[in-house]
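By convention here, the first residue in the shown sequence is residue 1.
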Amino acid sequence: MSLQSCPKVGQPQPAAGRLPWLDNLRGALVLLVVAYHIVYMFNSVGVITNVAIAGVPGMDLFCYAVYPWFMAAFFCVAGISARLALAHTRPAAFLRSRALRLLLPSTAGLFLLHWVDGWITNQYSDMFGLAQMPGLVRYLVWCVCGIGPLWFCHELFLATLVLLALRAADRRGLLQKAGALAAAPGKTGPALVLLGLCFWGSAQCLNAPLIEVYRSGLYCFCVLAGYYVFAQKGVLCWLGRRWPWLLGTAAGLGIAYTAEFWGQNYAATANLKGPLANAFAYTAVLAALGCAWALANRDTAFTRYIRPRGQAFYLLHYPLLAMTAFLLDRFVSPPAWAYYPLLALAACTLLPLACEGVRRAPLLRLLLLGQR
């Protein structure tokens, strides 16, 4: 698995065993999502949140720096993981596993836990005149407004269906052969440039008009790119050898993107469809993969801790952060700058406790995490 022992052309990742670099990257992205939501909660550029609390505008720099690319990287990681799983799992069993781990938490969890997000929103504004409606109606509206990060489960399950349909249709394995060509000597660079153009093109397609986090075209493409291209060792070796250049280029594009759109809604689809945003996002994804492969390909205490808990951290963190922000606003009223370290403290202390509690309760573990 070292860079000095790169494989033959087209050889995919081994099916058996853990890949520390992939576990470390996945865990780092989960923590990045938590950190993003701490800052996003108080953004000053009009991105809709569940609380109406003024923050520090300068902190929005972090949101501009990570929002265009970190979920795209998450979906690429999911595609690589799907390649590993399907190497030794039947498609039907893989689909059942994904349904359990994605659809169950995003439905049962919505009604059991994430409705709290909608309730908090309702404390700041009387949505749809809910005060005059029956309790059951209010509860259902709170559930709908509490989807929050659960959209990732919906998009990943959709991408799983697309991937399995393509595998079934591609009986001659043409897509896998095309992906393997990207790992051929001298062809990786041009292949990744072409893939970047496809990345930009996919960002123009299947974007939800109102709930803008649902960018089905881009996220389905990222899963397919992870499965067919980024799961190739030759491609990862190429990225790993060039991680300083990729990281520097991504940083430069990120600065340009922030300067171009500063003060605007960084999550608006119109901004994210542009060539600058997509160049930044794609290069940052390549840099994340290259850095993880070159620098984080070892099993550590962090790897062993986050590996079984990453999904729980992702699914449980947002209601905890939203409730903490609401309670601070109502009963403490700290200065704007204090919300960030206080929410970070809650994430570092209460989130691990909530995670361990849910993981040790069989029914909650099943309904909220999709884990038997």
Should the pair F152 and F75 be assigned to parallel (<30°), tilted (30 to 60°) or perpendicular (>60°) ring geometry? tilted
Can you name the salt bridge (Lys or Arg N to Asp or Glu O under 4.0 Å) partners of R215, sequence neighbours left out? none
Please, which pairs that meet ring pair (Phe, Tyr, Trp, His ring centres under 6.0 Å) have at least one residue in residues 38-67, sequence neighbours excluded? Y36-Y40, Y36-Y67, H37-Y40, F42-Y339, F42-Y340, Y64-W262, Y64-Y266, Y67-Y266
Starting from I255 and following side-chain heavy-atom contacts under 4.5 Å between hydrophobic residues (I, L, V, M, F, W, Y), which residues can be reached? none
Option among L166, L163, V162 that satisfies the side chain to side chain contact (heavy atoms under 4.5 Å, CB included) test with C220: V162
Neighbour count above 12 (heavy atom, 6.0 Å) for W151 CH2: yes
Run the numbers on D170 and K177 for salt bridge (charged side-chain N to carboxylate O under 4.0 Å, His left out), then give the verdict. CA-CA 11 Å; D170 186 25; K177 293 176 182 177; over 6 Å; no
Which residues share a ring-ring contact (aromatic ring centres under 6.0 Å, His included) with F221, sequence neighbours left out: none
Would Y228 and R83 count as having a side-chain donor-acceptor pair, cut-off 3.5 Å? no
For W69 and A65, indicate whether the former's side chain and the latter's backbone hold a donor-acceptor pair under 3.5 Å. yes
Looking only at heavy atoms, what is the nearest atom pair of C76 and F230, with distance? SG-CE1, 3.9 Å
is_close_aromatic(W119, F326), centroid dist under 6.0 Å: yes
Distance-minimising heavy-atom pair for D23 and I306: O-CG2, 4.4 Å
Within the 3.5 Å criterion, strictly below it, is a donor on N207 or T269 matched to an acceptor on the partner's side chain? no
Across all chains, not counting sequence neighbours, the ring-ring contact (aromatic ring centres under 6.0 Å, His included) partners of W243 are none
Kindly say whether the aromatic ring centers of F70 and F74 come within a distance under 6.0 Å. no
Taking side chain to side chain donor-acceptor pair (under 3.5 Å) as the test, write out the residues that go with W142, two or more places apart. N122
